[in-house]
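I have placed the structure first, in the form of structure tokens, so that the comments after it can refer back to it.
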Amino acid sequence: MNAPEMLDTKTQTQAHAQATGYIGKRMARTEDARLLTGRGVYVDDVGLPGALQVAFHRSPIARGRIKSIDLSAARQLPGVYAVLTADDLARFKVDMLSFFLAAPVVPVPVLATDCVRHVGDPVAMVVAQDRYIAEDAAGLIVVDYDEEDPVVTLADAKTGPLVHPDADSNVAAATGNEDPDEDLEAQLANAPHLVTVEFEHQRISQSPMETRGVVSAPQGSGELTIYLSCQGPQLNARWFAQAFGMPQTAIRVISKDVGGSFGLKGQPWREEVAVVLASMLLKRPLKWIEDRLENLTSANQAREQEIKLRVAFDADGKLVASHADYGLNNGAYPQGADSNIAVMMFLWGAHKLPVFDFHARGWFTNTVGLAAYRGPWALESLAREVLLDRAARQIGLDPIEIRRRNLIRREDQPCTTPMGLELTDISPAECLDVLLEKIDVAAFRAEQAEARKQGRYLGLGFATYIEPTAGSTGIGVLMSESAHIRIEPTGKVSAVVSTHSQGHGTQTTMGQVIAERLGVRFEDVAVYEDDSSRGGYGSGAYGSRQAVAGGGACIRAADLLVDKIKRMAAYLLKVEPDAIVLGDSMIRALGDKEQVVSFRDLADIAYGEPERLPEGMDAGLEIQYRYRPPPITMTSAAHACIVEVDADTGFVKIKRWVTSEDCGNMINPAVVEGQIAGGLAQAIGEVLMEEVSFDARGNPTAVTYKDYMLPTIFDVPEFEYHHEASRPSIAEGGFRGVGEGGCIIGPPTLVNAIADALAPFGELKLEFPLTPSRLLAHIEGRREIAERAAPAESAPLPVPESARAASESASTVENLPAPSAPQEPVAASTAVQVDGEWKFVLSTPMGPQAFTGRMSTDGDQLTGVFIMNMDEAHFTGTVSGNQLKWDLKVTKPMKITLKYEAQIDGDKLTGKCKMGIFGSAKLVGERVST
Amino acid sequence: MSTHQIQLTINGRPQHATVEGRLTLSDFLRGDAGCTGVHVGCEHGVCGACTVMVDGNAVRSCLMLAVQADGCTVTTVEGLAAEDGTLHPVQQALRDEHGLQCGFCTPGIVMTLASLTAADNKAAPDKVMNALSGHICRCTGYQGIRRAARKLAGGAA
């Protein structure tokens, strides 16, 4: 150990002060140095010896049977190494999984097998020496199809043939109550004011500037290195391991720089899996980089939804009751069949609403499947905030006043919403208070009135919202994040954190947290999050979680390391641990004779001379900590924007946009504001221009960036940010997430401003996107020309007899046969064997759950136990003939009583489980032994 | 398939190659010349991520063939910073203003700004903004890009 350097106390204090204060500081990003100079490593920048390129041959039709595939011309093209179809990949057993790592509700083929279910469905893959040749060869593949009429829209899904003939119906997932609640209906009917909004939301392409891509390199005996454009290498490695039945340590997922994701790259999907399998088959490194045409037509998409929201208000404009009917297009192969319970959870998550009920369904169609997009449940804010403005106009209240009368304020908490959401620290009303200090509403109204006289249409729109961030309730893959911090023998700090950046800047923000808590200079901390083999499990970027969950893990790990450093330094310097101060990458012992040692000095001893450590202290200077954040950390905000709509052109000019957030303690305000701004730009695109469209045959009609329009620098105004309403959360560090918020609160803010501007022309028709032609149609009071042309194209599709019969006879998830019908109950005297060991599968909104159980009877009394993951749940119920009924109380993900009804037929059991707000789930069982 | 001998200067160094007629400049720069900072975002000239400088002018390298660059001087994002690592003023301004997040569109924006804001030939702010409207950034909402552009064009940030 070097001789301690002597410093006076004043210098010590100053040095320490310099090293702290990183949290909350607007620091330049670590990532930028490489990204600005072209030194980033995105997946297409990875080159390996002998690597071959992949191109896919995709279905040109939305639905049909594959009669034959002719690969001969493609295989003969010079430079082609292999042409593969589903038959070639069939030797591998792959279990495709949802984001929750659950089995999908319908089988998802890697490559199409006997039929295609959407335009762009991958049918074959060409492996060639370069991409040009691979695409040439893909164009030489000839597939003969027996084309069928596709199910394209939500409306088609309800009446058309089954998208998946083996499924019960086109309902992919359902939650809520299918039967109207008579009391609620009466409240809606009899209230002083009933306000309704009903609209469809267009489909959105996440459109990261970097498309999907993968490089797969089989190595050694049964090991894989997969370079992947993704949202988190850890979760993706876990996904591959589980899907392929391989040890996770045999699969190394590397994801250094990723050019945006926004929900698209949360998990591997069909193409990535096909490339990995082909690399294993051919024993060569393979690369596939999605092109933009593929990205706009074959990468999973989001947001195609419909909602009818009805709300009863009392005479004072206070909420009385509400009902929502919701539909979500899942496409053919969703990454997780979804009816989006979060829409219902947060629709009235911040308001004093006594009664709420809903029915939500996700539908299969012959379109590309559903994936996540920033704030997947955002429709709740759009529907609610637009409705509140309508209600204000209908009731004759100011839009701000109607919000103030109904929002839950800080002093109203803790409280619980009708959906069972326990609120402790939301603050949309307080954010609105701050917002209103920044905008002179009265002055605006005067300006607006004056402008209207001149034929200029100005509008002011408001919205408030709350957002669940770092939510983990009931979602096993999101439960925790890990941080591993090591003082290297060099004295430098390296941290492996299970966060991941696709633009989030987590190398910077996690570095700020660690540097501050350890008392080291920011530049002395290197953060790594790019390699699944480097650190412990974590999910990466999902659900606005990284500041809260990753930041919390970094704080706890750093604090534990500081504790060890203090104990060690105190022992070596012969002072009390309290006298040790860390700062400016130095360790100081305060006292009469100040002593200073470096981190390297301590590391030398910790790793090289562990015999000098205090008795019982382990060698080394490193800590790994896994942090479990609170189940949900709420972020709140209120936004306002001012627009001018040109009555001659229909163009919307956004003149001002003001944000007021409660985002807790900020790690880096520039990063926080960057997240808000990015989400708002996407919101502007969503409201004004972006639309994934299809013709009646399911052909995508926005296949380039000339047709799928993204906001440019002229479409996005400068945003004003106000953080005064922020209060620390209860999570470690007091952070709240901000990743998705702009994309959730942005759309209603803008729509409300446009509706306000055009109020002189009547209530705005909600057709998204609100393109200039649609707004002109509204202004001119005429229907859009395109709409008149549409009916011929979108005539109801003929339904094949066989499919109709199948559809009519099949039970559906939301309409299961009641246990008592159509079969007659077996008379009690008939000996029905209930007792025995059973295995069950329950089709829940999170995916199918398999478990075992025992049931036994004593007369008409039923007792039983379900066993899942070494956890037992006991129940009692009744038996009548072959009919069983029982209730099961659970506490996860929330307190709820599950009501089961089932019937036994021999060794088979079928039934359903009513899960309160989560709707009904199908239960099937099979007796294992008596 | 036609092949062509070309020679050009890339970031100050000579490059000789035999290329197919159909090879785009962007694929040539990435694959043959190793300039992986050239990012291919749409391959149809809308997003601007692949922008490089050819003889001092910003061009979309996905819309130009490699053979067309024969005899030209090409600068990519790798060629801007000083040897000692000092960032080019455009790069520094974007870093200072948080003008990037994922960084995928960034090289193209850097090249457009560099071509329009060279010390001896600074374009007016409105011309710079017009040029930037040919670049799509999905992450930042253009906030920091706009601030950086104003600084570089000589206006107030």
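Predicted model only: the values in this text are computed from it and were never measured. Protein chains get the first letters and strands the later ones, always in sequence-line order, with residue 1 at the start of each. Because only heavy atoms are used, hydrogens play no part in the values below, and waters and symmetry mates are left out as well, while side chains stay in.
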Residue part contacting chain A, namely of [X], when any heavy atom lies under 4.5 Å:
X: B:R95; value: both
X: B:E43; value: side chain
X: B:V77; value: both
X: B:A49; value: neither
X: B:Q143; value: side chain
X: B:N130; value: both
X: B:I109; value: neither

Among the options [options], pick out the one with the most heavy-atom pairs lying under 4.5 Å from chain B.
options: A:G678, A:A681, A:S501; answer: A:G678
options: A:P717, A:A33, A:G260; answer: A:P717
options: A:I676, A:V41, A:D291, A:D44; answer: A:D44
options: A:F719, A:F262, A:Y132, A:Y42; answer: A:Y132
options: A:G685, A:A677, A:G47; answer: A:A677
options: A:Q502, A:R29, A:R131; answer: A:R29

Legend entry - Closest non-hydrogen atom pair, A:V692 against A:Q301: CG1-OE1, 3.5 Å

Side-chain donor-acceptor pair present, [X], [Y], cut-off under 3.5 Å:
X: A:E529; Y: A:H500; value: no
X: A:S261; Y: A:Q231; value: yes
X: A:Y705; Y: A:S207; value: yes

Inset, instruction - Quick one: sort the B:F104 and B:H39 rings into parallel, tilted or perpendicular, breaks at 30° and 60°. - result: parallel

Legend entry - Contact leader toward chain A among B:L87, B:V110, B:I136, where contacts are heavy-atom pairs under 4.5 Å: B:I136

Legend entry - Side chain, backbone, both or neither of A:E31 within contact of chain B (heavy atoms, under 4.5 Å):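 Contact with chain B is absent: no heavy atom of A:E31 under 4.5 Å.
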
Inset, instruction - Measure distances from A:M709 to the heavy atoms of chain B and classify the residue's part below 4.5 Å as side chain, backbone, both or neither. - result: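 No part of it gets close to chain B.
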
Legend entry - Test applied, side chain to side chain contact (heavy atoms under 4.5 Å, CB included); reference residue, A:C641; option that passes from A:T659, A:T749, A:I684: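 It is A:T749, the one option of A:T659, A:T749, A:I684 that forms the side chain to side chain contact (heavy atoms under 4.5 Å, CB included) with A:C641.
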
Legend entry - Within 6.0 angstrom of A:F651 CZ, more than 12 heavy atoms from elsewhere: no

